[in-house]
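What follows is one structure encoded as structure tokens, with my remarks underneath.
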Amino acid sequence: MSSEARSSNEEPSSGSAPSSAAPVRGEKSLTARDLRVEFGLPGGRVARAVDGVDLDVAPGEIVALAGESGCGKTTLARTLLGLERSTGGTVAFGGEPLRYSTKALKAYRRQVQLVLQDPSGALNPRHTVYDAVAEGLRIHGITDDEPGRVADALSRAGLRPPEQFFLAYPHELSGGQRQRVVIAGALVLRPSILIADEPVASLDASVRGEILALLLRLKEEQGLGALVITHDLGLAWSIADRIAIMYLGRIVEQGPVEQVLTAPRHPYTRALVSVLPGAPALKEAVPEPIVLAGELPDASRIPGGCRFRPRCQEVAAGRAAEVLHRCESEDLEILGPESAPHLVACHLDRARREDARDGGARMAV
Amino acid sequence: MTDGSSTADGASTEAPSAGRSRPGGRVSSGFGRYLFKHVGGAAVSLLLVLFSSFFIFRLIAGDPIDQLTRERPVSPEERAAMRAELGLDQPMWQQFWDYITGTLTMDLGESFQYRRPIFDLIVERLPATLILSGTGMVLAVVLGFWIGTRAGWKQGTRFDKGHVATGLLLYSAPTFWLGMIIILVFARYLGLFPVNGMRSPSTPPDFWSQAADIGYHLVLPVLTYTAVVYAGYLMIMRSSLLDEIGSDYLTTARAKGLRDDEVRRKHAVPNALLPTVTLVFLALGGVVNGSIVTETVFSWPGLGSLFVQSIFYPDRPVLQALFVLFSSSTILAVLGAEILYWFIDPRIRRSG
């Protein structure tokens, strides 16, 4: 990192003394504020793939980012990594906004690493395991004890004894082993944050558990922070501390994973939870399966007002009649990144909670 | 999978089997089998070429005595004498046997038109061909790959579109036509280069003067040859690179902090070059047959123009020998590519 620490508008919240187990916020956390990514499409239309996102990932916590395909979660991940330029808002690491100069990006990438979905594609087929893992070291000019560092990363990723794997090529490994090599390649730089885009989606069911256990172990033993992008709420449930539900470029519900999944409040989250196969703990909240109408709209045609309204089961069932004018015309604000409260971007939810509070107040009077 | 049993520590995964056997004997015996398979295949192809060359030119060339004696009245005795002299009075199987044993011992017989050993003719003309198509091929491959890489990496840009269009235009131009245009412009109108041949008779005999003279004569034929074929390499390299561009390992490398041009140089290009190895080796094999049309247009004294002369004559033994030579150089080049793949593509080592 560059020595001149730039003061940013965002005050790093490192002041709040973290308890021993709690994630360490501030110095090494990754933050996104009002992040926007727009793509120009042929015909002058603009796709708003990421449309105002606030998100925090701190070392020692796993944050799940969930949503259906096409909702912008992969674009968000690429933007957080600096692989895509944001068109608005900021990505910051340790409170310092990300700059896109070659040098600044390189320094940033020692701290924030990527793990992709398909380990077969993520490894160069002509490079040995050793080369694949050592690449990060070579890029960043870390030359002391290269074999030792590679061996250490491989064994931390669960490939032991690491020397056995040095000269193997990706095609000689199983899918799970390949994903461990990818993870080792990320770990070798000792990053604070890992961004994992569907890290187990292409793996056999039997291997998924292993890779997820590995992520949990890395979090607990080494204080690694991770943003795990997934469309699988069951996966989020089993490994994440916090979850953010993304719909059409924006986070619609965010909070601790137990609260969000056992008591989902946004109609979209409720629909996702309701169709989750075999998760009794989560089923109580939404017993009946809710099947959403229609397709995810085009990111170049985001509906005004509440972006979920055209597919909302509450609107369709007429339960939102009282707030419908707000759903149709009033944009929802961007959810803040605070992790403790359970935040929901929904007019209906807001109205109901106000009613409940008013009702409670009246009763108290 | 047996390594899924204890997921808690996540450390129970097996070492790869191939990793265990390295550097033991299994790998080398694998190479032995691989080599045997491909050398065997090449040997079969060579034999087929050898056999078919004998028959093909007997089918198409007619009676050589008629060709040799055209427009001259000849008595039957003379015909018989000529027949005996050329060995055509022998029974077919005897001719076939002589041809096979002769070819295998580098005794390729005698040319009808030159009345000289064909082996000497080939040795005499081979350097000219190697100079022309060797230079042309190296230029075409380097130029094609260089432009193809840049065009593919910046797909859809003006550079990409412009070069693809230019390359394809030249690629689809007939060689003889392009050659004549080039002669017209550079030799006739501008007078910059000689029209044809490989050297001027007036050049001093010392090495450097001769080399400079040949280089001077070489410019236009090489220009023609390169202009026509480089687009093939451009397109192959470009599409091969486009295949790699979407690959996740490029994203991984970028995310590790590798600069864009280094991602191209260290990851994308080496892997994109892999499928082009066959192509380059085919071109290497093709250097021997050279460019028949280019040699003819520029009266370049190589094997290509010898082949054309022999067709018109028709000089059956020469055609026969050149056919075998051209085909076997291609077969051997492909064999070379197959062997090289073993060393540059680790994936082949497993499948054999």
Side-chain angles (χ1 to χ4, degrees), chain A residues 78 81-83 102 105-110 112-129 132 135-136 139-140 155 157-161 163-174 176-177 180 182 185-186 189 195 204 206-207 209-214 217, chain B residues 1-24 26-27 156 243-263 265-275 277 341 343-351:
Chain A
R78 290 178 59 88
L81 283 158
L83 293 170
T102 311
L105 273 178
K106 201 166 160 180
Y108 175 68
R109 284 170 178 160
R110 272 193 76 166
V112 181
Q113 281 287 313
L114 168 71
V115 172
L116 285 167
Q117 171 177 356
D118 175 16
S120 315
L123 293 169
N124 187 329
R126 290 177 60 232
H127 286 193
T128 59
V129 166
E135 180 172 37
I139 292 169
H140 293 277
S155 59
L159 292 171
R160 292 176 208 155
E163 288 78 12
Q164 294 261 14
F165 292 89
F166 275 7
L167 294 179
Y169 285 95
H171 69 260
E172 297 168 336
L173 304 175
S174 69
Q177 288 172 332
R180 286 171 192 273
V182 173
L189 289 170
I195 294 182
D204 286 348
S206 61
V207 190
E210 290 179 51
I211 298 294
L212 296 180
L214 171 64
R217 204 161 46 88
Chain B
M1 285 307 306
T2 54
D3 55 338
S5 50
S6 58
T7 55
D9 64 1
S12 58
T13 159
E14 273 176 27
S17 56
R20 259 203 305 265
S21 73
R22 201 174 288 122
R26 241 187 63 186
V27 172
D243 281 345
E244 298 297 325
I245 266 181
S247 300
D248 281 348
Y249 65 83
L250 299 183
T251 311
T252 308
R254 272 191 204 102
K256 281 179 181 171
L258 208 59
R259 286 204 318 268
D260 190 62
D261 57 329
E262 289 176 321
V263 171
R265 198 159 42 82
K266 291 188 179 164
H267 286 278
V269 170
N271 287 1
L273 278 173
L274 212 55
V277 167
Y341 270 122
F343 296 101
I344 58 177
D345 189 352
R347 283 166 295 192
I348 283 186
R349 280 171 232 165
R350 187 171 67 164
S351 53

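Here is how names work: the chains are called A, B, and so on, in the same order as the sequence lines, proteins then strands, and each is numbered from 1.
- Looking at A:Arg78, only its side chain comes within 4.5 Å of chain B, counting heavy atoms on both sides.
- We find the NZ-CZ distance between B:Lys256 and A:Arg109 to be 12.5 Å, quoted to the nearest 0.5 Å.
- Ranked by heavy-atom pairs shorter than 4.5 Å toward chain B, the options A:Arg126, A:Gln113, A:His140 are led by A:Arg126.
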Checklist entry - Which is it for A:Asn124 and B:Lys266 under the side chain to side chain contact (heavy atoms under 4.5 Å, CB included) test, yes or no, and what are the steps along the way? => result CA-CA 10 Å; A:Asn124 187 329; B:Lys266 291 188 179 164; over 6 Å; no
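- The candidate with the highest count of non-hydrogen atom pairs below 4.5 Å against chain A, out of B:Glu262, B:His267, B:Glu244, B:Arg254, is B:His267.
- For the residue pair B:Asn271 and A:Pro125, the shortest heavy atom distance occurs at ND2-CD, 3.8 Å.
- B:Arg259 touches chain A through its side chain: at least one heavy atom from C-beta onward sits under 4.5 Å away, while N, CA, C and O do not.
- With a 4.5 angstrom heavy-atom cutoff, B:Leu274 touches chain A only via side-chain atoms.
- Distance check: A:Leu123 CG to B:Asp248 CG gives 9.5 Å after rounding to the nearest 0.5 Å.
- Rounding to the nearest 0.5 Å gives a distance of 8.5 Å between CD of A:Glu135 and OG1 of B:Thr252.
- The distance from atom CG of B:Asp260 to atom OG1 of A:Thr102, rounded to the nearest 0.5 Å, is 10.0 Å.
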